[in-house]
Amino acid sequence: PRWGALARSPRALGIALIATGLMCALPFFVPLGNPISGAALVCIGLALAEDDGVMAALGFVFTGLTLAYHAAFAKVVWAGTRLLLANLTA
């Protein structure tokens with residue numbers, strides 16, 4: 001097992017699984033959102049199955065990318081909505 005201590009940290013893996021699962025279950029379309037989330041889930045699942053810390057670290061990286069991507073997408077949608085509403089009321 002590579003970096004076994006990282007693969008045996010249930011709180012960190014659980015938080016990553018919950019965050020990624022919530023991003024997968026969003027009720028609206030986010031372009032290319034689910035493949036990144038799916039990669040994180042696969043890496044974390046392999047880390048749990050094989051007790052591999054390198055895969056856990058990769059899963060954490062993909063989880064961070066998922067959260068950053070969804071946050072950036074939400075910011076763009078919010079700004080576009082505000083701009084659209086401002087133009088409609090003007």
Side-chain angles (χ1 to χ4, degrees):
R2 303 175 294 179
W3 300 354
L6 189 60
R8 291 185 213 101
S9 57
R11 285 192 179 115
L13 290 170
I15 290 170
L17 283 173
I18 289 171
T20 306
L22 288 175
M23 292 298 113
C24 277
L26 287 175
F28 51 86
F29 177 68
V30 177
L32 299 175
N34 281 343
I36 302 169
S37 301
L41 291 173
V42 166
C43 289
I44 293 172
L46 284 171
L48 288 170
E50 297 296 328
D51 196 26
D52 189 3
V54 174
M55 289 306 289
L58 192 59
F60 293 146
V61 167
F62 277 125
T63 298
L65 287 174
T66 297
L67 294 175
Y69 180 75
H70 282 82
F73 182 78
K75 184 176 181 179
V76 167
V77 168
W78 183 259
T81 303
R82 288 186 68 194
L83 183 65
L84 179 68
L85 290 177
N87 287 335
L88 287 177
T89 59

Participant: Out of curiosity, does V30 fall in the hydrophobic cluster containing W78 (side-chain heavy atoms, cut-off under 4.5 Å, transitive links)?
Facilitator: no

Participant: Do you know the tightest heavy-atom contact between F62 and I36?
Facilitator: O-CG2, 3.9 Å

Participant: At what distance, to the nearest 0.5 angstrom, does CZ of F60 lie from CG of L13?
Facilitator: 4.0 Å

Participant: Identify each donor-acceptor pair in which a side-chain atom of residues 83-90 lies under 3.5 Å from a protein atom, sequence neighbours left out, and give them as a table.
Facilitator:
residue, atom, partner, partner atom, Å
N87, ND2, L83, O, 3.4
T89, OG1, L85, O, 3.1
T89, OG1, A86, O, 3.3

Participant: Between side-chain atoms of residues 52-59 and protein atoms elsewhere (two or more places apart, or another chain), which donor-acceptor pairs fall under 3.5 Å?
Facilitator:
residue, atom, partner, partner atom, Å
D52, OD1, R2, NE, 3.2
D52, OD1, V54, N, 3.3
D52, OD2, R2, NH2, 2.6

Participant: Taking L46 as the starting point, is it possible to reach L48 by hopping between hydrophobic residues whose side chains are less than 4.5 Å apart?
Facilitator: no

Participant: If I compare all heavy atoms of H70 with all of L26, which pair ends up nearest, and what's the gap?
Facilitator: CD2-CD1, 3.4 Å

Participant: If Ile, Leu, Val, Met, Phe, Trp and Tyr residues are connected whenever their side-chain heavy atoms lie under 4.5 Å apart, and connections chain through other members, are L32 and V76 in the same group?
Facilitator: no

Participant: Go through it in stages, so that I can follow the logic: the residues are F28 and V77, the test is side chain to side chain contact (heavy atoms under 4.5 Å, CB included), and I'd like the CA-CA distance, side-chain angles, deciding distance and then a yes or no.
Facilitator: CA-CA 12 Å; F28 51 86; V77 168; over 6 Å; no

Participant: Are L65 and F73 connected into the same hydrophobic cluster when the rule is that any two of I, L, V, M, F, W, Y join if their side-chain heavy atoms are below 4.5 Å apart?
Facilitator: yes

Participant: Rounded to the nearest 0.5 Å, what separation is found between the CG atom of L67 and the CE atom of M23?
Facilitator: 5.5 Å

Participant: For residues 14-22, which side-chain donor-acceptor pairs fall under 3.5 Å, sequence neighbours excluded?
Facilitator:
residue, atom, partner, partner atom, Å
T20, OG1, A16, O, 2.8
T20, OG1, T63, OG1, 3.1

